[in-house]
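Have a look at the structure below, then the notes.
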Amino acid sequence: MTSTHDAIIIGTGQAGPFLAQRLAGAGMKVAIIERKLFGGTCINTGCTPTKTMVASAHAAHMVHRAADFGVVSDGPVSVDMKLVKSRKDAIVAQSRTGLESWLRGMTNCTVYQGHARLESSKEVSVGSERLTADRIFINVGGRAVVPQMPGIEEVPYLTNSSIMDVDFLPRHLIIIGGGYIGLEFAQMYRRFGSEVTIIETASYLARHEDEDVSTAIREILEHEGINMRLNATCIGFSRRGEDILAHVDCVSGYPEVSGSHVLLAVGRRPNTDDLGLTEAGVAVDKRGYIVVDDQLHASVPGIWALGDCNGKGAFTHTAFNDSEIVGANLLDNDPRKVSDRITAYALYIDPPLGRAGLTEAEVRKSGRRALIGRRPMTKVGRAVEKGETQGFMKIMVDAQTHEILGAAILGTGGDEAIHSILDVMYAKAPYTVVQRAVHIHPTVSELIPTMLGDLRPLSDAAAAPQ
Ligand SMILES: Cc1cc2nc3c(=O)[nH]c(=O)nc-3n(C[C@H](O)[C@H](O)[C@H](O)COP(=O)(O)OP(=O)(O)OC[C@H]3O[C@@H](n4cnc5c(N)ncnc54)[C@H](O)[C@@H]3O)c2cc1C
(Lines give C-alpha, C1' and ligand atoms only; values in the text may rest on other atoms or scores of the structure.)
Protein backbone atom coordinates (compact mmCIF):
# COMPACT_ATOMS: atom_id res chain seq x y z
CA MET A 1 0.00 0.00 0.00
CA THR A 2 1.41 3.39 -0.98
CA SER A 3 0.46 6.70 0.59
CA THR A 4 1.66 10.13 -0.43
CA HIS A 5 2.69 12.83 2.01
CA ASP A 6 4.28 16.26 1.90
CA ALA A 7 6.87 15.26 4.48
CA ILE A 8 8.12 12.01 6.03
CA ILE A 9 9.95 12.14 9.35
CA ILE A 10 11.89 9.06 10.47
CA GLY A 11 12.31 8.89 14.24
CA THR A 12 10.50 10.51 17.16
CA GLY A 13 13.55 11.68 19.10
CA GLN A 14 14.28 15.24 20.04
CA ALA A 15 13.94 16.80 16.58
CA GLY A 16 11.26 14.86 14.69
CA PRO A 17 8.16 15.55 16.79
CA PHE A 18 8.78 19.31 16.99
CA LEU A 19 9.43 19.49 13.27
CA ALA A 20 6.24 17.48 12.69
CA GLN A 21 4.31 20.06 14.68
CA ARG A 22 5.78 22.92 12.65
CA LEU A 23 5.20 21.29 9.26
CA ALA A 24 1.73 19.97 10.08
CA GLY A 25 0.84 23.35 11.57
CA ALA A 26 1.80 24.92 8.24
CA GLY A 27 -0.73 22.65 6.52
CA MET A 28 1.60 19.93 5.25
CA LYS A 29 0.51 16.30 5.29
CA VAL A 30 3.11 14.72 7.56
CA ALA A 31 4.00 11.07 8.28
CA ILE A 32 6.19 10.34 11.31
CA ILE A 33 7.65 6.89 11.90
CA GLU A 34 8.94 5.30 15.13
CA ARG A 35 10.35 1.79 15.35
CA LYS A 36 10.62 1.47 19.10
CA LEU A 37 9.99 3.90 21.97
CA PHE A 38 8.39 7.30 21.39
CA GLY A 39 10.76 10.03 22.51
CA GLY A 40 13.93 8.12 21.60
CA THR A 41 17.09 8.11 23.69
CA CYS A 42 16.57 11.26 25.74
CA ILE A 43 13.23 10.27 27.21
CA ASN A 44 13.70 6.52 27.48
CA THR A 45 17.36 5.64 28.03
CA GLY A 46 19.22 8.95 28.24
CA CYS A 47 18.62 12.32 29.86
CA THR A 48 15.31 11.76 31.65
CA PRO A 49 15.98 8.40 33.34
CA THR A 50 19.58 9.24 34.23
CA LYS A 51 18.72 12.59 35.76
CA THR A 52 15.85 10.97 37.65
CA MET A 53 18.28 8.40 39.04
CA VAL A 54 20.92 11.07 39.73
CA ALA A 55 18.26 12.72 41.91
CA SER A 56 17.73 9.47 43.84
CA ALA A 57 21.49 9.10 44.24
CA HIS A 58 21.73 12.68 45.48
CA ALA A 59 19.05 11.98 48.07
CA ALA A 60 20.99 8.93 49.29
CA HIS A 61 24.18 11.00 49.42
CA MET A 62 22.55 13.75 51.45
CA VAL A 63 21.14 11.25 53.93
CA HIS A 64 24.66 9.96 54.47
CA ARG A 65 25.87 13.55 54.91
CA ALA A 66 22.99 14.52 57.20
CA ALA A 67 25.25 14.88 60.24
CA ASP A 68 27.31 17.54 58.39
CA PHE A 69 24.19 19.70 58.51
CA GLY A 70 23.29 18.97 62.08
CA VAL A 71 20.59 16.52 61.14
CA VAL A 72 20.59 13.40 63.27
CA SER A 73 19.43 10.22 61.61
CA ASP A 74 19.67 7.18 63.80
CA GLY A 75 19.34 3.75 62.31
CA PRO A 76 20.56 2.27 59.05
CA VAL A 77 20.02 3.99 55.70
CA SER A 78 19.36 1.87 52.66
CA VAL A 79 18.46 2.37 49.03
CA ASP A 80 15.60 0.32 47.60
CA MET A 81 16.61 -0.12 43.97
CA LYS A 82 13.15 -1.39 43.02
CA LEU A 83 11.68 1.91 44.23
CA VAL A 84 14.45 3.93 42.53
CA LYS A 85 13.60 2.15 39.29
CA SER A 86 9.84 2.49 39.64
CA ARG A 87 10.18 6.24 40.30
CA LYS A 88 12.34 6.49 37.19
CA ASP A 89 9.93 4.34 35.14
CA ALA A 90 6.94 6.46 36.15
CA ILE A 91 8.63 9.72 35.09
CA VAL A 92 9.84 8.21 31.83
CA ALA A 93 6.42 6.69 31.07
CA GLN A 94 4.69 10.00 31.60
CA SER A 95 7.01 11.72 29.09
CA ARG A 96 6.79 8.91 26.57
CA THR A 97 3.02 8.51 26.61
CA GLY A 98 2.57 12.29 26.64
CA LEU A 99 4.67 12.60 23.50
CA GLU A 100 2.97 9.69 21.76
CA SER A 101 -0.54 10.94 22.41
CA TRP A 102 0.46 14.47 21.38
CA LEU A 103 1.73 13.11 18.05
CA ARG A 104 -1.29 10.87 17.51
CA GLY A 105 -3.65 13.76 18.17
CA MET A 106 -1.78 16.17 15.87
CA THR A 107 -3.85 17.47 12.97
CA ASN A 108 -2.33 16.65 9.53
CA CYS A 109 0.07 14.11 11.10
CA THR A 110 -0.07 10.32 10.76
CA VAL A 111 1.99 8.11 13.07
CA TYR A 112 3.47 4.88 11.70
CA GLN A 113 5.13 2.23 13.87
CA GLY A 114 7.90 0.06 12.52
CA HIS A 115 11.37 0.17 11.09
CA ALA A 116 11.66 2.73 8.28
CA ARG A 117 13.95 2.23 5.29
CA LEU A 118 14.64 4.46 2.33
CA GLU A 119 13.74 2.68 -0.90
CA SER A 120 14.72 5.71 -2.95
CA SER A 121 15.25 9.42 -2.33
CA LYS A 122 11.48 9.89 -2.22
CA GLU A 123 10.15 6.58 -0.94
CA VAL A 124 10.23 5.01 2.52
CA SER A 125 9.06 1.53 3.50
CA VAL A 126 7.61 0.65 6.90
CA GLY A 127 6.84 -3.06 6.93
CA SER A 128 4.51 -3.64 3.97
CA GLU A 129 3.60 0.04 3.64
CA ARG A 130 5.19 2.42 1.15
CA LEU A 131 5.21 6.16 1.86
CA THR A 132 6.30 8.76 -0.63
CA ALA A 133 7.13 12.43 -0.15
CA ASP A 134 9.25 15.14 -1.74
CA ARG A 135 10.80 15.88 1.67
CA ILE A 136 12.30 13.29 4.00
CA PHE A 137 13.70 14.19 7.43
CA ILE A 138 15.95 11.65 9.14
CA ASN A 139 16.07 11.81 12.97
CA VAL A 140 17.20 8.29 13.82
CA GLY A 141 19.61 9.04 16.69
CA GLY A 142 22.26 6.62 17.87
CA ARG A 143 23.04 3.73 20.17
CA ALA A 144 25.81 2.56 22.45
CA VAL A 145 28.92 1.20 20.78
CA VAL A 146 29.55 -2.45 21.68
CA PRO A 147 33.24 -3.00 20.89
CA GLN A 148 34.08 -6.35 19.42
CA MET A 149 36.64 -7.70 21.86
CA PRO A 150 37.45 -11.20 23.09
CA GLY A 151 34.90 -12.56 25.54
CA ILE A 152 32.34 -9.80 25.04
CA GLU A 153 29.62 -12.28 24.10
CA GLU A 154 30.38 -14.44 27.12
CA VAL A 155 29.54 -11.79 29.70
CA PRO A 156 26.15 -10.18 30.34
CA TYR A 157 27.33 -6.64 29.67
CA LEU A 158 25.09 -3.61 30.23
CA THR A 159 24.66 -0.50 28.08
CA ASN A 160 22.86 2.75 28.85
CA SER A 161 19.70 1.04 27.51
CA SER A 162 19.80 -2.31 29.32
CA ILE A 163 20.92 -0.78 32.64
CA MET A 164 17.50 0.89 32.71
CA ASP A 165 16.00 -2.54 33.57
CA VAL A 166 18.31 -3.08 36.56
CA ASP A 167 16.28 -3.07 39.78
CA PHE A 168 18.95 -4.43 42.12
CA LEU A 169 22.25 -3.17 43.45
CA PRO A 170 25.25 -4.50 41.52
CA ARG A 171 27.88 -5.57 44.04
CA HIS A 172 30.74 -4.21 41.94
CA LEU A 173 30.01 -2.31 38.73
CA ILE A 174 32.91 -2.07 36.29
CA ILE A 175 32.43 0.83 33.90
CA ILE A 176 34.37 0.80 30.66
CA GLY A 177 34.84 4.42 29.63
CA GLY A 178 35.43 7.57 31.67
CA GLY A 179 33.36 9.90 29.49
CA TYR A 180 30.19 11.79 30.36
CA ILE A 181 27.85 8.79 30.36
CA GLY A 182 30.24 6.55 32.29
CA LEU A 183 30.87 9.19 34.95
CA GLU A 184 27.18 9.84 35.62
CA PHE A 185 26.49 6.13 36.12
CA ALA A 186 29.67 5.73 38.20
CA GLN A 187 28.74 8.31 40.80
CA MET A 188 25.08 7.31 40.83
CA TYR A 189 25.77 3.63 41.50
CA ARG A 190 28.47 4.43 44.04
CA ARG A 191 25.94 6.54 45.93
CA PHE A 192 23.40 3.73 45.74
CA GLY A 193 26.00 1.53 47.44
CA SER A 194 27.85 -0.40 44.72
CA GLU A 195 31.59 -0.65 44.53
CA VAL A 196 32.49 1.04 41.23
CA THR A 197 35.62 0.87 39.08
CA ILE A 198 36.12 3.02 35.98
CA ILE A 199 38.51 1.75 33.30
CA GLU A 200 39.65 4.50 30.93
CA THR A 201 42.24 4.41 28.16
CA ALA A 202 43.17 8.08 28.48
CA SER A 203 45.29 9.48 31.28
CA TYR A 204 42.37 11.59 32.48
CA LEU A 205 38.59 11.51 32.71
CA ALA A 206 36.18 13.43 30.44
CA ARG A 207 38.99 13.80 27.99
CA HIS A 208 37.48 16.71 26.05
CA GLU A 209 37.67 18.90 29.12
CA ASP A 210 40.62 20.97 30.29
CA GLU A 211 43.04 19.12 32.52
CA ASP A 212 42.17 21.20 35.60
CA VAL A 213 38.47 20.42 35.12
CA SER A 214 39.20 16.75 34.58
CA THR A 215 41.44 16.58 37.65
CA ALA A 216 38.77 18.20 39.81
CA ILE A 217 36.17 15.73 38.50
CA ARG A 218 38.49 12.87 39.35
CA GLU A 219 39.03 14.21 42.88
CA ILE A 220 35.28 14.52 43.42
CA LEU A 221 34.68 10.93 42.34
CA GLU A 222 37.67 9.46 44.16
CA HIS A 223 36.56 11.26 47.30
CA GLU A 224 33.38 9.20 47.13
CA GLY A 225 35.36 5.97 46.85
CA ILE A 226 35.17 5.28 43.11
CA ASN A 227 38.15 3.23 41.89
CA MET A 228 39.99 4.65 38.89
CA ARG A 229 42.03 2.73 36.36
CA LEU A 230 43.34 5.43 34.02
CA ASN A 231 45.87 4.78 31.24
CA ALA A 232 44.24 1.36 31.10
CA THR A 233 42.53 -0.13 28.07
CA CYS A 234 39.99 -2.88 28.45
CA ILE A 235 40.94 -5.55 25.90
CA GLY A 236 38.61 -8.40 26.75
CA PHE A 237 36.37 -10.17 29.24
CA SER A 238 36.07 -13.57 30.81
CA ARG A 239 34.17 -15.25 33.66
CA ARG A 240 35.56 -16.44 36.97
CA GLY A 241 32.78 -18.16 38.85
CA GLU A 242 30.05 -15.58 39.41
CA ASP A 243 32.44 -12.72 38.62
CA ILE A 244 33.23 -10.92 35.39
CA LEU A 245 36.89 -10.21 34.69
CA ALA A 246 37.78 -7.19 32.59
CA HIS A 247 41.24 -7.71 31.11
CA VAL A 248 43.25 -4.55 31.00
CA ASP A 249 46.24 -3.41 28.96
CA CYS A 250 48.09 -1.09 31.31
CA VAL A 251 51.54 0.02 32.38
CA SER A 252 50.81 -0.11 36.11
CA GLY A 253 48.26 -1.89 38.27
CA TYR A 254 46.66 -5.33 37.93
CA PRO A 255 45.99 -6.54 34.38
CA GLU A 256 42.45 -7.56 35.34
CA VAL A 257 39.57 -6.04 37.24
CA SER A 258 37.05 -8.35 38.83
CA GLY A 259 33.45 -7.26 39.36
CA SER A 260 29.87 -8.47 39.35
CA HIS A 261 28.56 -6.38 36.42
CA VAL A 262 30.01 -4.42 33.53
CA LEU A 263 28.65 -1.31 31.84
CA LEU A 264 29.93 -0.36 28.39
CA ALA A 265 30.19 3.41 28.02
CA VAL A 266 32.73 3.72 25.24
CA GLY A 267 30.84 5.93 22.83
CA ARG A 268 27.80 6.07 20.57
CA ARG A 269 27.22 5.27 16.92
CA PRO A 270 24.51 6.57 14.60
CA ASN A 271 21.53 4.37 13.65
CA THR A 272 22.27 4.74 9.97
CA ASP A 273 23.49 1.28 9.05
CA ASP A 274 20.09 -0.24 8.30
CA LEU A 275 18.32 2.73 6.75
CA GLY A 276 18.81 2.19 3.01
CA LEU A 277 20.97 5.30 2.72
CA THR A 278 23.13 3.80 -0.02
CA GLU A 279 20.06 2.99 -2.14
CA ALA A 280 18.90 6.58 -1.79
CA GLY A 281 22.38 7.93 -2.57
CA VAL A 282 22.72 9.68 0.81
CA ALA A 283 26.38 10.22 1.77
CA VAL A 284 27.66 9.22 5.21
CA ASP A 285 31.11 9.81 6.69
CA LYS A 286 33.44 7.00 7.70
CA ARG A 287 31.79 6.71 11.13
CA GLY A 288 28.31 6.46 9.61
CA TYR A 289 27.09 10.01 10.33
CA ILE A 290 24.95 11.52 7.59
CA VAL A 291 26.89 14.30 5.88
CA VAL A 292 24.96 17.58 6.07
CA ASP A 293 25.57 21.23 5.28
CA ASP A 294 25.10 24.15 7.62
CA GLN A 295 21.32 24.02 7.15
CA LEU A 296 21.17 20.25 7.58
CA HIS A 297 20.55 19.26 3.95
CA ALA A 298 21.95 15.80 3.23
CA SER A 299 23.79 15.11 -0.03
CA VAL A 300 20.53 14.32 -1.86
CA PRO A 301 18.07 17.19 -2.51
CA GLY A 302 14.88 16.79 -0.50
CA ILE A 303 16.55 14.90 2.38
CA TRP A 304 17.62 16.41 5.68
CA ALA A 305 19.29 14.82 8.73
CA LEU A 306 18.65 16.09 12.24
CA GLY A 307 19.93 15.22 15.72
CA ASP A 308 22.68 12.83 16.75
CA CYS A 309 22.73 11.05 13.36
CA ASN A 310 24.29 14.06 11.61
CA GLY A 311 27.29 14.25 13.93
CA LYS A 312 26.80 18.00 14.49
CA GLY A 313 25.73 17.58 18.09
CA ALA A 314 25.25 14.87 20.67
CA PHE A 315 22.68 16.45 22.92
CA THR A 316 18.97 16.92 23.24
CA HIS A 317 19.28 20.67 22.94
CA THR A 318 21.31 20.38 19.72
CA ALA A 319 18.78 17.93 18.24
CA PHE A 320 15.93 20.28 19.17
CA ASN A 321 17.85 23.22 17.71
CA ASP A 322 18.24 21.23 14.46
CA SER A 323 14.44 21.11 14.21
CA GLU A 324 14.32 24.88 14.74
CA ILE A 325 16.92 25.44 12.01
CA VAL A 326 15.08 23.29 9.46
CA GLY A 327 11.70 24.76 10.39
CA ALA A 328 12.98 28.34 10.13
CA ASN A 329 14.58 27.74 6.73
CA LEU A 330 11.56 25.96 5.28
CA LEU A 331 8.74 28.00 6.74
CA ASP A 332 9.99 31.37 7.96
CA ASN A 333 12.43 32.39 5.24
CA ASP A 334 14.90 32.67 8.11
CA PRO A 335 18.34 31.27 7.18
CA ARG A 336 19.27 29.88 10.60
CA LYS A 337 22.27 27.58 10.58
CA VAL A 338 24.19 25.12 12.73
CA SER A 339 27.28 27.32 12.85
CA ASP A 340 25.25 29.96 14.76
CA ARG A 341 25.25 27.51 17.67
CA ILE A 342 27.65 27.88 20.58
CA THR A 343 28.89 24.68 22.18
CA ALA A 344 27.16 24.24 25.53
CA TYR A 345 26.41 21.23 27.70
CA ALA A 346 26.45 19.89 31.22
CA LEU A 347 27.95 16.84 32.86
CA TYR A 348 25.53 15.67 35.53
CA ILE A 349 27.80 14.38 38.19
CA ASP A 350 27.22 16.11 41.52
CA PRO A 351 28.27 18.88 41.65
CA PRO A 352 27.62 19.32 37.93
CA LEU A 353 29.82 20.83 35.26
CA GLY A 354 28.28 23.53 33.07
CA ARG A 355 30.25 24.36 29.94
CA ALA A 356 29.95 27.03 27.25
CA GLY A 357 32.12 27.87 24.24
CA LEU A 358 35.82 27.08 23.98
CA THR A 359 37.88 25.24 26.55
CA GLU A 360 40.97 26.95 27.92
CA ALA A 361 43.10 24.56 25.84
CA GLU A 362 41.20 25.57 22.69
CA VAL A 363 41.64 29.26 23.48
CA ARG A 364 45.38 28.76 24.00
CA LYS A 365 45.62 26.77 20.77
CA SER A 366 43.87 29.54 18.83
CA GLY A 367 46.79 31.82 19.61
CA ARG A 368 44.63 34.87 20.28
CA ARG A 369 45.34 37.25 23.13
CA ALA A 370 43.06 36.26 25.93
CA LEU A 371 42.32 36.91 29.57
CA ILE A 372 41.25 34.36 32.15
CA GLY A 373 39.41 34.57 35.46
CA ARG A 374 39.09 31.75 38.00
CA ARG A 375 37.35 31.28 41.31
CA PRO A 376 37.23 28.22 43.55
CA MET A 377 33.83 27.22 44.88
CA THR A 378 35.27 27.58 48.39
CA LYS A 379 35.03 31.31 47.68
CA VAL A 380 31.38 31.20 46.63
CA GLY A 381 29.16 31.99 49.61
CA ARG A 382 26.21 29.97 48.38
CA ALA A 383 28.39 26.88 47.97
CA VAL A 384 29.82 27.30 51.46
CA GLU A 385 26.33 27.70 52.95
CA LYS A 386 25.15 24.56 51.17
CA GLY A 387 28.23 22.61 52.25
CA GLU A 388 29.08 21.95 48.59
CA THR A 389 32.43 23.63 47.96
CA GLN A 390 33.96 21.19 45.50
CA GLY A 391 35.00 22.52 42.10
CA PHE A 392 35.70 25.92 40.59
CA MET A 393 34.63 28.26 37.84
CA LYS A 394 36.69 29.89 35.12
CA ILE A 395 36.08 32.14 32.15
CA MET A 396 38.12 33.12 29.10
CA VAL A 397 37.72 36.48 27.37
CA ASP A 398 39.18 37.90 24.15
CA ALA A 399 41.64 40.60 25.23
CA GLN A 400 40.86 42.78 22.21
CA THR A 401 37.11 42.45 21.56
CA HIS A 402 36.21 41.66 25.16
CA GLU A 403 33.85 38.95 23.93
CA ILE A 404 33.56 35.88 26.15
CA LEU A 405 35.25 32.91 24.52
CA GLY A 406 34.34 30.14 26.91
CA ALA A 407 33.61 29.16 30.48
CA ALA A 408 33.36 26.18 32.80
CA ILE A 409 31.49 26.07 36.08
CA LEU A 410 32.17 22.85 37.97
CA GLY A 411 30.25 23.29 41.18
CA THR A 412 26.86 23.39 42.77
CA GLY A 413 24.35 24.96 40.38
CA GLY A 414 26.95 25.05 37.59
CA ASP A 415 24.49 23.66 35.04
CA GLU A 416 22.17 26.62 35.61
CA ALA A 417 24.65 29.42 36.34
CA ILE A 418 26.47 28.87 33.03
CA HIS A 419 23.48 30.31 31.17
CA SER A 420 24.14 33.86 32.33
CA ILE A 421 27.45 33.55 30.46
CA LEU A 422 26.01 31.68 27.48
CA ASP A 423 23.34 34.30 26.79
CA VAL A 424 25.91 37.11 26.74
CA MET A 425 28.00 35.03 24.33
CA TYR A 426 24.96 34.71 22.02
CA ALA A 427 24.43 38.47 22.29
CA LYS A 428 28.10 38.93 21.29
CA ALA A 429 28.21 41.55 24.04
CA PRO A 430 31.43 42.39 25.89
CA TYR A 431 32.09 40.66 29.20
CA THR A 432 31.70 44.01 30.94
CA VAL A 433 27.93 43.63 30.55
CA VAL A 434 28.01 40.69 32.99
CA GLN A 435 30.71 42.25 35.11
CA ARG A 436 28.51 45.30 35.76
CA ALA A 437 25.30 43.34 36.21
CA VAL A 438 23.96 43.14 39.75
CA HIS A 439 23.28 39.47 40.40
CA ILE A 440 21.12 38.14 43.21
CA HIS A 441 22.70 37.30 46.57
CA PRO A 442 23.38 34.59 47.59
CA THR A 443 23.78 32.66 44.35
CA VAL A 444 26.60 31.00 42.46
CA SER A 445 25.93 33.46 39.61
CA GLU A 446 26.64 36.47 41.81
CA LEU A 447 30.35 35.62 41.80
CA ILE A 448 30.60 35.62 37.99
CA PRO A 449 30.90 39.46 37.88
CA THR A 450 33.48 39.28 40.67
CA MET A 451 35.48 36.70 38.73
CA LEU A 452 35.30 38.94 35.65
CA GLY A 453 36.65 41.82 37.72
CA ASP A 454 39.85 39.88 38.28
CA LEU A 455 40.93 38.81 34.78
CA ARG A 456 44.58 38.09 34.06
CA PRO A 457 46.40 37.43 30.78
CA LEU A 458 46.97 33.81 29.83
CA SER A 459 50.67 33.17 30.20
CA ASP A 460 52.83 34.45 27.32
CA ALA A 461 54.11 31.03 26.38
CA ALA A 462 50.70 29.45 26.40
CA ALA A 463 49.03 32.35 24.61
CA ALA A 464 51.63 32.43 21.82
CA PRO A 465 50.34 31.81 18.28
CA GLN A 466 50.37 28.14 17.25
C1 LIG B 1 22.86 7.87 29.22
C2 LIG B 1 22.66 9.12 28.41
C3 LIG B 1 22.44 10.31 29.05
C4 LIG B 1 22.25 11.48 28.33
N5 LIG B 1 22.06 12.65 28.99
C6 LIG B 1 21.90 13.79 28.30
C7 LIG B 1 21.68 15.02 28.96
O8 LIG B 1 21.64 15.08 30.18
N9 LIG B 1 21.49 16.13 28.23
C10 LIG B 1 21.52 16.10 26.85
O11 LIG B 1 21.35 17.14 26.22
N12 LIG B 1 21.73 14.94 26.19
C13 LIG B 1 21.91 13.79 26.88
N14 LIG B 1 22.10 12.62 26.21
C15 LIG B 1 22.11 12.64 24.73
C16 LIG B 1 20.67 12.72 24.18
O17 LIG B 1 19.90 11.67 24.71
C18 LIG B 1 20.70 12.63 22.66
O19 LIG B 1 21.60 13.60 22.17
C20 LIG B 1 19.34 12.90 22.07
O21 LIG B 1 18.39 11.96 22.52
C22 LIG B 1 19.44 12.81 20.54
O23 LIG B 1 18.18 12.92 20.01
P24 LIG B 1 17.89 12.44 18.53
O25 LIG B 1 16.57 13.01 18.20
O26 LIG B 1 19.00 12.74 17.64
O27 LIG B 1 17.83 10.84 18.60
P28 LIG B 1 17.10 9.84 19.55
O29 LIG B 1 16.59 10.48 20.76
O30 LIG B 1 18.02 8.69 19.73
O31 LIG B 1 15.81 9.38 18.72
C32 LIG B 1 15.91 8.64 17.55
C33 LIG B 1 14.63 7.85 17.36
O34 LIG B 1 14.63 7.30 16.06
C35 LIG B 1 14.10 5.97 16.12
N36 LIG B 1 14.62 5.25 14.95
C37 LIG B 1 15.91 4.95 14.69
N38 LIG B 1 16.00 4.31 13.49
C39 LIG B 1 14.74 4.21 13.01
C40 LIG B 1 14.18 3.66 11.84
N41 LIG B 1 14.95 3.10 10.89
N42 LIG B 1 12.84 3.71 11.69
C43 LIG B 1 12.05 4.29 12.62
N44 LIG B 1 12.53 4.83 13.74
C45 LIG B 1 13.85 4.80 13.93
C46 LIG B 1 14.64 5.46 17.44
O47 LIG B 1 13.87 4.37 17.90
C48 LIG B 1 14.49 6.69 18.32
O49 LIG B 1 13.24 6.72 18.94
C50 LIG B 1 22.26 11.44 26.91
C51 LIG B 1 22.45 10.22 26.24
C52 LIG B 1 22.65 9.08 26.98
C53 LIG B 1 22.86 7.78 26.24
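Just so it is clear, the model here is predicted, and its values are computed rather than measured. For reference, positions follow the sequence shown, starting with 1. In listed order, ligands and their atoms are each counted from 1.
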For [atom], closest protein heavy-atom neighbour:
| atom | answer |
| --- | --- |
| atom 37 (C) of ligand 1 | Val140 O, 3.2 Å |
| atom 6 (C) of ligand 1 | Cys47 SG, 3.3 Å |
| atom 31 (O) of ligand 1 | Gly13 CA, 3.2 Å |

Which atoms of ligand 1 have any heavy atom of [X] under 4.0 Å away?
| X | result |
| --- | --- |
| Thr41 | 17 (O), 21 (O), 28 (P), 29 (O), 30 (O), 53 (C) |
| Ala314 | 15 (C), 19 (O) |
| Ile10 | 40 (C), 42 (N), 43 (C) |
| Gly114 | 42 (N), 43 (C) |
| Leu275 | 41 (N) |
| Gly307 | 26 (O) |
| Gly141 | 26 (O), 27 (O), 28 (P), 30 (O), 32 (C) |
| Asn139 | 24 (P), 25 (O), 26 (O), 32 (C), 33 (C), 34 (O) |

Counting only nitrogen or oxygen atoms and a 3.5 angstrom limit, does [X] reach ligand 1?
| X | answer |
| --- | --- |
| Phe315 | yes |
| Thr50 | no |
| Ala116 | yes |
| Thr45 | no |
| Cys42 | yes |
| Thr316 | yes |
| Arg35 | yes |
| Cys309 | no |
| Asn160 | no |

Just by modelled atom types, is the [Y] backbone N or O under 3.5 Å from a matching donor or acceptor in the [X] side chain?
| X | Y | result |
| --- | --- | --- |
| Ser260 | Pro170 | no |
| Asp334 | Asn329 | no |
| Asp340 | Arg336 | no |
| Arg135 | Ile303 | no |
| Ser125 | Gly127 | no |
| Asp293 | Gln295 | yes |
| His172 | Ser258 | yes |
| Asp210 | Val213 | no |

**Arg104 atom CZ: more than 12 heavy-atom contacts under 6.0 Å** =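 Yes, because the 6.0 Å sphere around CZ of Arg104 holds more than 12 heavy atoms from other groups.
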
Checklist entry - Is atom CD of Gln94 surrounded by more than 12 heavy atoms (other residues, nucleotides or ligands) closer than 6.0 Å? => result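 It does not: Gln94 CD has 12 such atoms or fewer within range.
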
> For ligand 1, which part of Phe38 has a heavy atom less than 4.0 Å away: the side chain, the backbone, both, or neither?
Replying inline: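 Neither; nothing of Phe38 gets under 4.0 Å from ligand 1.
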
Identify the residue among Arg191, Arg190, Arg65 that makes a salt bridge (Lys or Arg N to Asp or Glu O under 4.0 Å) with Glu224.
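Exactly one option meets the salt bridge (Lys or Arg N to Asp or Glu O under 4.0 Å) with Glu224, and it is Arg191.
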
Side chains of residues 7-20: which donor-acceptor partners sit under 3.5 Å, not counting sequence neighbours?
from  : atom 1 : to    : atom 2 : distance (Å)
Thr12 : OG1    : Glu34 : OE1    : 2.7
Thr12 : OG1    : Gly39 : N      : 3.2
Gln14 : NE2    : Gly39 : O      : 3.2

Ignoring hydrogens, just give me the one of [options] whose non-hydrogen atom is nearest [atom].
| atom | options | answer |
| --- | --- | --- |
| atom 3 (C) of ligand 1 | Ala15, Ala346, Gly46 | Gly46 |
| atom 22 (C) of ligand 1 | Asp308, Asn310, Val126 | Asp308 |
| atom 8 (O) of ligand 1 | Lys51, Arg143, Glu34 | Lys51 |

As a quick check of understanding, evaluate salt bridge (Lys or Arg N to Asp or Glu O under 4.0 Å) for Asp89 and Lys82, giving each step before the final call. CA-CA 10 Å; Asp89 287 344; Lys82 286 196 167 34; over 6 Å; no

Applying a strict 4.0 Å limit to heavy atoms, is [X] in contact with ligand 1?
| X | answer |
| --- | --- |
| Glu184 | no |
| Arg268 | yes |
| Gly16 | no |

| task | Check whether the ring centres of Phe168 and His261 lie less than 6.0 Å apart, and answer yes or no. | result |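 Between Phe168 and His261, the centre distance is under 6.0 Å.
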
Parallel, tilted or perpendicular: rings of Tyr180 and Tyr345 (30°, 60°):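 Rings of Tyr345 and Tyr180: perpendicular, over 60°.
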
If you look only at pairs with a residue in residues 4-29, which of them pass as a salt bridge (charged side-chain N to carboxylate O under 4.0 Å, His left out), with sequence neighbours excluded?
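Applying salt bridge (charged side-chain N to carboxylate O under 4.0 Å, His left out) to every pair that reaches into residues 4-29, excluding sequence neighbours, yields Arg22-Asp332.
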
